[in-house]
Amino acid sequence: MSAAGNPVIELRDVRKAFGSNVVIERLDFDVGKGEIVALLGQTGSGKSTVLNIVMGTIPADAGSVRVAGSDPYRQFARLRGKLAVSFQTDRLLPWRTAVENAEIGLLVLGMPKAKARQVARTWLDRVKLTGAGDLYPHQLSGGMRQRVSLARALCVDPELVLLDESFSQLDHVTSQTLRADFASIAREFNKTCLFVTHRIDDAMEMADRVLVLRPGAGIALEEGIDASIRSSLQRRSALHDKIAAVMGAEA
Amino acid sequence: MAAQVSGKPAESAREAVPVATVQTESARWSGDLVPTLVVVALLVLAIQVGSAFLPPYVMPQPLIILQATWEVLTADPIHIGITGLRLAAAVLFSMLVGVLLGIIMGVFPRLRPYLRSLVIIDTGIPALSWMLLAIFWFRDPEVRIFFILSVILIPFYALNVFDGIRALPREWVDMLESFRPRRWQVLRYLIAPHIVPYILTTTKAVIGYAIRMAIFAELVASAIGIGSRMSLAQSTFRIDKVLAWTLLLVILNLALQAAIASIDKALLKWRPEAAVR
Ligand SMILES: Nc1ncnc2c1ncn2[C@@H]1O[C@H](COP(=O)(O)OP(=O)(O)OP(=O)(O)O)[C@@H](O)[C@H]1O
Ligand SMILES: [Mg+2]
């Protein structure tokens, strides 16, 4: 199921508790190179916590975490240039224009200013924001802001993209086009992607593989998704129901 | 991790708006122009009426005050320049040192309690004590004035900048850190632009206070500058000149406020104008 070679993300028997609240236990999963994997779970099941562990913001209490061959928390700096995150909220810096926000990762990675600006503009075009580059975040709509944040993540050309519910706050049409745009970009540039959502439809739309996270436990269900499932209404809804049952909630 | 900026857990934080989204000073000023003129006219009228009933050494006529102002402006411009320079030097120095202290407090948690106590003890020492101490400690009047203004102003900058860094949304820090920045890059791309509004607000808040302190310090510690001229005017029974200097100080304060407001506008053009109704 994952591509040949070492997986980009590898979690083994990971545990994480906040005080007495055990959020994650016995969590094992891999994400292979070029794979798009969705991590599904109810509110509070620990999805964002998993993402934080993978991006190295917080340490796991036990178990092993490898991202592109390194421990993302203890070897924090080693993932420089290898990973980018699109967060649940857009997290644009209000004093930077759209293009200045988009290029910030490139500047951090040491790309010369003029070159960074040019690359960022190209990515703004790709996420259909041509002409909006010089506007400040407060002059953009929510959907446009989310697109800038996506461009900011993608333009550093990372090996691995992490998405946290990136589209779920937008209206249906916007989120659908954005999802489609993202999936096609990710496939075109062969990005490895782990995305987190509580919306089963989002997951089935975009992912090659779906993992269902159960609170305080590990992965409760793992399903591969392919074009045949997406195109068959019947199989699609059957899978939807199965996932929903495991998640323990209608989504 | 690249930078340990103090902050609360990220989980509950929503997209945070910078704290200081207040309507800009200049916008408020232009709206207040007419009322200001009305107040000035009423004050002039009151002085005119008062001078009709009171002896001139208690309340001179407005025209006499204006004449004295002209006299002072043409005879003593050097003193205005000197006070202005002293003020500028001390404010810029305090800004620099205070911002550095604030950043150190915000970025190095281990040094924070020590610096914080130092700054807070400093704010507890009355300005008058500093003035007297300065006279004991230093001979040179320039050093005295610079010292007095600096010890008074530095804590304002340090504490406000520290507050600013504390208010830095954890979300932005995590966003930048996901790219694995160097420490200076966190400073350059996140902390520095984020604290600019705090520095400007502090400057706006302290400038009037700084002028008063400078005048006081000149009164006790120097033979030149506006403070010393006012003291001279008082000892030669020239109330018209005392009032003339006072008028000039009010104008100086307004001019500096306006200057800061326009710097504010230029630097913070990214900020949406939040009109509070
Ligand atoms: N920094 C923290 N300190 C204490 N508890 C935390 C912290 N972060 C998360 N938790 C707890 O961990 C649990 C899982 O939180 P998490 O944010 O990972 O859930 P989630 O699956 O992302 O939920 P949602 O779909 O609502 O975003 C929650 O019970 C939360 O209270
Ligand atoms: Mg979450």
Side-chain angles (χ1 to χ4, degrees), chain A residues 18 23 44 46 48-49 51-52 54-59 70 72-97 100-101 103-110 135-139 142 145-146 149 152-153 155-156 158 160-162 164 169, chain B residues 1-5 7-24 164 167-200 264-275:
Chain A
F18 295 103
V23 178
S48 294
T49 307
L51 223 51
N52 283 334
V54 171
M55 74 179 95
T57 316
I58 57 174
S70 311
Y73 183 80
R74 284 179 196 85
Q75 300 169 313
F76 192 77
R78 281 213 199 161
L79 288 176
R80 199 172 156 87
K82 294 190 176 159
L83 152 155
V85 188
S86 176
F87 296 87
Q88 192 156 355
T89 50
D90 54 70
R91 306 194 183 190
L92 301 183
L93 301 176
W95 56 83
R96 300 179 81 89
T97 59
E100 287 168 351
N101 266 291
E103 74 190 2
I104 196 162
L106 296 170
L107 297 178
V108 165
L109 296 177
L135 298 175
Y136 283 99
H138 77 268
Q139 299 167 313
R145 292 170 60 122
Q146 204 66 53
S149 119
R152 177 180 62 197
C155 77
V156 298
L160 172 66
V161 188
L162 303 175
D164 192 352
Q169 302 208 323
Chain B
M1 218 164 294
Q4 270 302 334
V5 178
K8 292 120 224 158
E11 261 56 39
S12 66
R14 279 170 296 121
E15 191 70 321
V17 176
V19 183
T21 10
V22 190
Q23 205 175 6
T24 59
L168 189 64
R170 182 79 236 175
E171 298 203 320
W172 294 350
V173 179
D174 285 349
M175 180 280 291
L176 197 65
E177 290 208 325
S178 71
F179 294 113
R180 271 55 182 176
R182 320 248 184 249
R183 227 174 217 287
W184 68 265
Q185 289 177 318
V186 178
L187 203 64
R188 157 84 178 73
Y189 293 117
L190 204 53
I191 296 177
H194 174 70
I195 61 178
V196 168
Y198 291 86
I199 298 172
L200 287 170
D264 191 301
K265 220 185 169 75
L267 283 182
L268 305 181
K269 59 177 189 296
W270 52 267
R271 225 153 50 166
E273 292 271 307

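Order of the sequence lines sets the chain letters (A, B, ...), proteins ahead of strands, with each chain counted from 1.
A:H138 contributes a side-chain N or O that, together with a main-chain N or O of B:W270, makes up a donor-acceptor pair within less than 3.5 Å. Looking only at distances, a side-chain donor or acceptor of B:R180 sits under 3.5 Å from a matching main-chain atom of A:F76.
Distance check: B:M175 CE to A:T89 OG1 gives 10.0 Å after rounding to the nearest 0.5 Å.
Residues B:W172 and A:L92 approach most closely at NE1-O, 3.9 Å, considering heavy atoms. Residues B:P181 and A:V108 come closest through the heavy atom pair CA-CG1, 3.5 Å. Smallest separation of non-hydrogen atoms from A:V85 and B:S178: CG2-CB, 3.7 Å. Smallest separation of non-hydrogen atoms from B:Q185 and A:L107: NE2-O, 3.6 Å.
No side-chain heavy atom of B:D174 sits less than 4.5 Å from a side-chain heavy atom of A:M55. Between B:E171 and A:F87, every side-chain heavy-atom pair lies at or beyond the 4.5 Å cut-off.
Classified by interplanar angle (parallel below 30°, tilted 30° to 60°, perpendicular above 60°), the ring pair A:W95/B:H194 is tilted.
For the side chain to side chain donor-acceptor pair (under 3.5 Å) test, residues two or more places apart in sequence or in another chain that qualify with A:S149 are A:S86.
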Dump the intermediate steps for side-chain contact (heavy atoms from CB on, under 4.5 Å) on B:K269 and A:Y136, then the final yes or no. CA-CA 9 Å; B:K269 59 177 189 296; A:Y136 283 99; 3.5 Å; yes
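Neither the backbone nor the side chain of B:L267 comes within contact range of chain A; no heavy atom of the residue lies under 4.5 Å from a heavy atom of that chain.
Applying the salt bridge (Lys or Arg N to Asp or Glu O under 4.0 Å) rule to pairs touching residues 72-88 of chain A yields A:D71-A:R74, sequence neighbours excluded.
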